[in-house]
Amino acid sequence: MLEKILDLGIKISKEQDYNKLFGIFLKGTTDIANCDAGTLYIYKERLEEGVLKKYLCFVSTINHTLKQYGGLDGEKLNLPPVIFSETNASSYAGIHRVILNVIDVYKDSNSIWMGPRKYDSITGYHTQSVLVIPLIDKKDELIGVLQLINCQDKDGNVIPFSKDIEKIIYSLSSQVAMILSNMLLTQDMEELLDSSINSLVNAIEAKTPFNALHTNTVTGLCDLFVDYLNKNSTEYHFTSDEKDVLHMAAQLHDVGKIGINDDILNKPTRLATRIDYIRSRFENLRLQLTVQKYANNDPLIQKDIDSLASDLEFIENVNNAPFIDNEKMDRINELCNKKVLGVNLLTDEEKEDLHIVKGTLTAAERAHIQEHVVKTVNILKDVKFGKKYHDSLTIAGQHHELLDGTGYPKKLKGDEINTQTRILTIMDIFDSLTAADRPYKSTIPVERAYSILTSMVNEGKLDATLVGYLRGFIDELLKEYGNLDGKIAKTILMIKANEKALKEKEKF
Ligand SMILES: [Fe+2]
Ligand SMILES: [Fe+2]
């Protein structure tokens, strides 16, 4: 007996999984008390239409005679909760913080024993001796209720629960209540941390309207990909803590964008608002030339007017082009030196913008945006993430590093970049490529994005094995959701929202 008690004490204090703890505790106490059946309930409160409702939820149950077992290995029990009221024994014990120990529920006149009798009439079971113990933590808060049924002697005859057993089970119940209370506190703190980080993410995403789903999509991709690797790979196994660390890193990875100039961060075209100044300058020149043409009665001036129109059309074209080839660059160079009526067609800033070969950013603007990684670390360096999330900020601060050392800000190489960071980097690029909400580039189809990632593997920039597994991960998504071109973010966010809803439901 002593060995069993000590053994259960060790098991419950070592178990990290909240749900598994229920089963271990119920199995252990029914064994120690040598009883035929038992149920463990967890106390829950929730607001329903503004009214606080209280319940006892079934989390684990054992009935050896009926061979009914549930919730013993961490699985959820889908039984309707018991209303927390004076009318049933378990709630009664919880409300009044009392231990109930009855020899025979059929010989006790108290109406709180109607429940077991009703249960017996439905199942054919015979409940006799019952021990009900509330699980109270050190703040006197009710955590749950343990109900043990039909204590047996060594011959299998039902006997009352002895005072000694009552004391032992009460002592173990206090211990488990304390452990569960600490776990709930940790869960609450993690939820608080997660929701605070989420608010920060929402603030960044509101700042980048063209890229509003990026952080949440990258986070969802990392979460789902890690699940995929755990299921399908032999090389990788991520514990739930390691998953949480990567999730946090993904949430944080672009926090530094808060410190980046909005005009640069959201620059939609090469010239952005400068195109408006160019248009009015050209219109001004066109009017002046037109006046000259009529005043001097010089039809040749029409050629200059036409050339001006053609130059503006070309500039408009370059402004929105994804890539500038050599031919276009030659004409841009010509325009940079061109004057009309003694006026330079372009300012120095406009010339620099038009010289951008690819994308919408000048070298200086790109460097400013790249500072977001350093800013992420600086903004968050004083946050106490605790032991568990200690590595999250490091991973977040390295999401633009590449295996060949050409990334930034530290130009790390190979082994200096851990697996979680490599995953974050791949997902960050994958979302940037497939995103449908960026005005400066058309949406890249999923297959094309994958082949860009593959070329980055060939260049030694990304992890070959992980990108290899990404293929299978994408295929799984395609099989389930069909064509995903332009729909990656929407799909990932939908999957994550469904997962969250299910989790909330399971929580209750
Ligand atoms: Fe970034
Ligand atoms: Fe990013």
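For the single chain, residues carry numbers from 1 onward in sequence order. Atoms within a ligand are numbered from 1 in the order they appear, just like the ligands themselves. Everything numeric here is computed off the predicted structure, so don't read it as measured data.
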With sequence neighbours left out, write down each residue that passes ring-ring contact (aromatic ring centres under 6.0 Å, His included) with Y389, or none if nothing qualifies. none
Is atom CD of E327 surrounded by more than 12 heavy atoms (other residues, nucleotides or ligands) closer than 6.0 Å? no
Below 30° counts as parallel, above 60° as perpendicular, anything between as tilted: where do the rings of H400 and Y408 land? parallel
With 2.8 Å as the threshold, which protein atoms of type N, O or S lie near the Fe ion (ligand 2)? Leave waters out. H214 NE2, H253 NE2, D254 OD2, D428 OD1
Does G256 offer a backbone N or O that forms a donor-acceptor pair with the side chain of T376 under 3.5 Å? yes
Qualifying side-chain hydrogen bond (donor to acceptor under 3.5 Å, both in side chains) pairs, either residue in residues 470-486, two or more places apart: E447-R471, R471-D475
State which residues pass salt bridge (charged side-chain N to carboxylate O under 4.0 Å, His left out) with D391; sequence neighbours excluded, sorted by chain then number. none
